[in-house]
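For clarity, every value in this text was computed on a predicted model and none was experimentally measured.
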Amino acid sequence: MKRTHHCNELRLDHVGQEVVLCGWVHSRRDLGGVIFVDVRDREGRTQTVFDPSVLPPEVFARAEALRSESVVQVAGKVRPRPEGTENPKIDTGQVEVVAREVQVLNPADPLPFPIDDPEAAAKVSEETRLRYRYLDLRRPEMQQRLRLRHRAALAVRQYFDELGFLEVETPMLFKSTPEGAREFVVPCRLHPGLFYALPQSPQQFKQILMVAGVERYFQLARCFRDEDLRADRQPEFTQIDVEMSFVDRENIYEVIEGLLARVWKTACGLDIPRPFPRLSYREAMDRFGTDKPDTRFGLELADLTDAFRESGFKLFAKIAREEGGAVKALNAKGFACVTQGQMETMTALAQSFGARGLAYIKVENGEWRSPITKFFGEQEKAALQERLRIEEGDLILFAAGPWQTACEILGRLRLYAAEVLEKQGKLQIPRDRFDFLWVVDFPLLSYDKEMNRWYSSHHPFTAPLPEDIPLLKESPKKVRGQHYDVVVNGVELGGGSIRIHQREVQRLIFEEVLRIPPDIAQARFGYMLEAFRYGAPPHGGIALGFDRMTALLAGVSSIREVIAFPKTAKGACLMTQSPGPVDERQLKELHIELKAPPLK
RNA sequence: GGGGGUGUAGCUCAAUUGGUUAGAGCGCUGCCCUGUCACGGCAGAGGUUGCGGGUUCGAGACCCGUCACUCCCGCCA
């Protein structure tokens, strides 16, 4: 054995024992005579003491030559620290190991960035951290995140196992299914001109598993999407993928609420309230301006469409009378102190959604200061006062236009205002609270104006509400899908649906609603339609973003913080320099010819 | 594809309106120090200011291009 104890193990009980510790030199304090070396491993750290008066000169010389992060093995005897020198900051702070021998198992060069000082390390640029990820991961904060992720994954597996689910692996080498996200394409030697594609999700396989009689499936599934990255999006990521037979929506809610309760309890000891509230898509948009509302704070949207139909403010009146038009407002309570710059930022945000400008009212010194209130009649003012409960110091923001756009504009401004107001101490957003909820009754279909056709809001296997099926052909807009999203604190954690299991309904959606030509539907989904001929049980499922979930548990805003080896915003790995070129011979074997050499 | 931000020593950051030899803290190197734990003290080394052009008597700063990182929009069935 190279070591007898780990570095977070020794206590007063061990005093007098001969021990061997292995680890990294966390810090070395050379006082000229005595030298203290903190040895760190993944469990913690322990102080070792080198005393020249009792050590052979060559051993002491090795201790003098130690450098940060060199890997060492220290043998010695545990003793209590002299009175007054205990260190309450670390778990092993009552004792120290009087070194008898030290071996340098591997020396380390000076580090590119500090890893012993949490404050300094937290400020190091992400670029540097990613380039030297193995050093970054040595930091206790990152070690804790790796453990948190592991514990969460374990809780997921145990929970589903207890409920009789089977974890089934599905292929990574799949084929292209071009209606969804852009895919990573994989060439291969045996099939010139043909390509695998990496799955954007195991959607089709998990439905086939239901036809296969698995009944309860889950998988911690790796998924791939060749789309642009964000703080919460990586080109490869992990989903908790779930599918169940003989269920309706309520069964799925129950299973997933139980899962999340278990994970939150196991990973951070929190009891989350159940059942989760449910909001229809319509209500979520109307009240919060988004389909993934953060309900930890108020600042809800008000609808003023009816109040402005006859308004003297012609722009609002016109929109309010239009089919599908809406006039909405948001009371940013206490934000009348808004600066010019903040107003410009908000105007730019509104404009990015297609608004022409941003109308507002500042409530200061008992009066409404605004470029537009002079056009308002008493009726509009009364409606505003009543629905927005306007008080001194408030800032009212308006959005008018197509209902969805008006909601989305204010939804975005609501988040911005909340962020600013929280920094100013005028709004509390509890960090330790998790507001889970279900958003339900999404429209099954959305209309693509440019392509002049309907497309699936979620995916084409989502079942319509049974009572809406007759509307499919005449008024597709009105059809609601059996789709649901689970949302927490403004983050879309996951989504799923009850699937279509009748071949005829599926064919109707493909051919008559989505207008996918039969030969193409056959080529892409033929095997599914065929499978559904042989006894497909009613089924449904969901997929949760495991990285996002872990980031929430860790209290970090980027999923890169909970992925061991994440990629940059351009999809590169700074440590391994991937993606990289391949040599001519490989290309030839794959029957691929480059039209242009790779950039760089 | 579009918009914003950043790029100066190994790391984190300064550098007035464009003006002397580009500074500081940490780290590193050397010396001193026997109870420290962010040890302390003294001294020292360390720079293609991301890269390429331009404006100017003079550019880290201004202009154009480019690269990298980051945030957002589009995109993510």
Next item on the list: Start with the C-alpha distance between A:R524 and A:Q204, add both sets of side-chain angles, then the distance that settles side chain to side chain donor-acceptor pair (under 3.5 Å), and finish with yes or no.
Entry: CA-CA 11 Å; A:R524 283 185 199 155; A:Q204 295 176 43; over 6 Å; no
Notebook entry, point to check: With rounding to whole Å, what would you report as the distance between B:A22 and B:A59 at their C1' atoms?
Noted result: 12 Å
Item checked: Watson-Crick or G-U counterpart of B:G7, or none if no pair lies under 3.5 Å -> B:C67
Check: Is A:R560 touching bases, backbone alone, or none of the nucleic acid, heavy atoms closer than 4.0 Å?
Finding: sugar-phosphate
Checklist line | Test log, rule side chain to side chain donor-acceptor pair (under 3.5 Å), inputs A:D441 and A:Y484 | finding: CA-CA 7 Å; A:D441 293 342; A:Y484 32 79; over 6 Å; no
Next item on the list: Check whether the side chain of A:R233 and the base of B:C75 form a donor-acceptor pair under 3.5 Å.
Entry: yes
Notebook entry, point to check: Using atom C1' of each nucleotide, how far apart are B:G46 and B:G25 to the nearest Å?
Noted result: 15 Å
Notebook entry, point to check: So what does A:L574 hit on the nucleic acid, given a heavy-atom distance under 4.0 Å: a base, only sugar-phosphate, or nothing?
Noted result: sugar-phosphate
Next item on the list: Please measure how far the C1' atom in B:A38 lies from the corresponding atom in B:G3, and state the result in whole Å.
Entry: 42 Å
Margin query: Salt bridge check, A:K328 against A:E408: does any charged N sit closer than 4.0 Å to a carboxylate O?
Written below: no
Next item on the list: Return the value, rounded to whole Å, for the distance between atom NE2 of A:H26 and atom P of B:A38.
Entry: 9 Å
Next item on the list: Determine the contact category for A:Q203: base if any of its heavy atoms lies under 4.0 Å from a base atom, sugar-phosphate if only primed atoms, P, OP1 or OP2 are that close, otherwise nothing.
Entry: base
Checklist line | Rounded distance (Å) that lies between atom C1' of B:G41 and atom CG of A:L31 | finding: 12 Å
Item checked: Nearest-neighbour nucleotide for the A:D117 side chain, B:C11, B:A38, B:C33 considered -> B:A38
Notebook entry, point to check: Which one, B:U34, B:G35, B:C37, comes nearest to the side chain of A:D38?
Noted result: B:C37
Margin query: With hydrogens left out and only the distance checked, is there a donor-acceptor pair under 3.5 Å joining A:E127's side chain and the base of B:U70?
Written below: no
Notebook entry, point to check: Reckon A:K570 has a side-chain N or O less than 4.0 Å from the OP1 or OP2 of B:C69?
Noted result: no
Check: Within the structure shown, what part of the strands sits under 4.0 Å from A:P82 by heavy-atom distance: base, sugar-phosphate, or nothing?
Finding: base
Next item on the list: Salt-bridge test for A:E227 and A:R233: reply yes if a basic N is under 4.0 Å from a carboxylate O, no otherwise.
Entry: no
Notebook entry, point to check: Between atom OH in A:Y132 and atom P in B:C11, what is the gap in whole Å?
Noted result: 8 Å
Notebook entry, point to check: Taking it one step at a time, do A:Q219 and A:T170 satisfy side chain to side chain donor-acceptor pair (under 3.5 Å)?
Noted result: CA-CA 9 Å; A:Q219 181 182 193; A:T170 53; 3.1 Å; yes
Check: Do NZ/NE/NH1/NH2 and the carboxylate oxygens of A:K423 and A:E419 come within less than 4.0 Å?
Finding: yes
Check: Testing A:F184, A:F195, A:F205 for ring-ring contact (aromatic ring centres under 6.0 Å, His included) with A:F174, which one passes?
Finding: A:F205
Checklist line | A:R29, CZ: over 12 other non-hydrogen atoms inside 6.0 angstrom | finding: yes
Note to self: From the set B:U36, B:U34, B:C75, return the single nucleotide nearest to any side-chain atom of A:R29.
What the structure shows: B:U36
Notebook entry, point to check: Is the distance between the ring centroids of A:Y281 and A:F442 less than 6.0 Å?
Noted result: yes
Note to self: Under 4.0 Å, counting only non-hydrogen atoms across every strand here, what does A:A231 touch: a base, just sugar-phosphate, or nothing?
What the structure shows: sugar-phosphate
Notebook entry, point to check: Which part of the nucleic acid, if any, lies within reach of A:S27 when heavy atoms closer than 4.0 Å are counted: base, sugar-phosphate only, or nothing?
Noted result: sugar-phosphate
Notebook entry, point to check: Taking the same atom, P, in B:C28 and in B:C11, what whole-Å distance lies between them?
Noted result: 14 Å
Notebook entry, point to check: Partner of B:C62 by Watson-Crick or G-U wobble geometry, both contacts under 3.5 Å, or none?
Noted result: B:G54
Item checked: N or O in side chain of A:K123 less than 4.0 angstrom from B:C26 OP1/OP2 -> no
Check: For A:D116, which contact category applies under a 4.0 Å heavy-atom criterion: base, sugar-phosphate, or nothing?
Finding: nothing
Notebook entry, point to check: Under 6.0 Å from the OH atom of A:Y416, do we count more than 12 heavy atoms belonging to anything else shown?
Noted result: yes
Note to self: With rounding to the closest Å, how many angstrom separate the P atoms on B:A24 and B:A14?
What the structure shows: 16 Å
Notebook entry, point to check: Could one point to a donor on the side chain of A:E86 or the base of B:G35 with an acceptor on the other under 3.5 Å away?
Noted result: no
Next item on the list: Please state whether the base of B:G35 and the side chain of A:R79 form at least one donor-acceptor pair under 3.5 Å?
Entry: yes
Next item on the list: Between A:V124 and A:P110, just flag the one whose closest nucleotide in RNA chain B comes earlier from the 5' side.
Entry: A:V124
Check: Within this structure, what is the CD1-to-C1' distance between A:I35 and B:G40, rounded to whole angstrom?
Finding: 15 Å
Checklist line | Interatomic distance where CG belongs to A:D30 and P belongs to B:C39 [whole Å] | finding: 12 Å
Item checked: C1' gap between B:U17 and B:U21, integer Å -> 22 Å
Notebook entry, point to check: With stacking defined as ring centroids separated by under 5.5 Å and planes differing by under 30°, is A:F113 stacked against B:C11?
Noted result: no
Checklist line | Complementary nucleotide for B:U12 - Watson-Crick or wobble, under 3.5 Å | finding: B:A24
Next item on the list: Look at A:D30 together with A:R28 and state whether they make a salt bridge at an N to O cut-off of under 4.0 Å.
Entry: yes
Checklist line | A:S53, nearest nucleotide to its side chain (from B:C75, B:G35, B:U34) | finding: B:U34
Notebook entry, point to check: Which part of the nucleic acid does A:E83 contact within heavy-atom distance under 4.0 Å: base, sugar-phosphate only, or nothing?
Noted result: nothing
Next item on the list: List in numerical order all residues of residues 480-496 of chain A for which some heavy atom is under 4.0 Å away from an atom belonging to RNA chain B.
Entry: none
Next item on the list: Look at A:S125 and B:U12 and indicate whether a side-chain polar atom (N or O) is within less than 4.0 Å of OP1 or OP2.
Entry: yes
Next item on the list: Report which part of the nucleic acid A:A120 touches: base, sugar-phosphate, or nothing (heavy-atom distance under 4.0 Å, all strands).
Entry: nothing
Check: Does the base of B:C37 carry an N or O that pairs as donor and acceptor with the side chain of A:R81 under 3.5 Å?
Finding: yes
Check: When we call it a touch if two heavy atoms are under 4.0 Å apart, what does A:R67 touch: a base, just sugar-phosphate, or nothing?
Finding: sugar-phosphate
Checklist line | Distance between P atoms of B:G50 and B:U34 (Å, rounded) | finding: 45 Å
Checklist line | Whole-Å gap separating P (B:G1) and CD (A:E227) | finding: 13 Å
Checklist line | Closest to the A:A181 side chain, choosing from B:U70, B:C76, B:G35 | finding: B:C76
Next item on the list: Give a yes/no on whether any side-chain N or O of A:R230 is located under 4.0 angstrom from OP1 or OP2 of B:C73.
Entry: yes
Margin query: Please report the distance, rounded to the nearest Å, between CG in A:L198 and C1' in B:C76.
Written below: 16 Å
Next item on the list: Check the distance between B:C71's P and A:I559's CD1 and give it to me in whole angstrom.
Entry: 10 Å
Next item on the list: Pick the P atom in B:G18 and in B:C62, then give their distance to the nearest Å.
Entry: 8 Å
Notebook entry, point to check: Below 4.0 angstrom, N of the basic side chain to O of the carboxylate: do A:E183 and A:K175 qualify?
Noted result: no
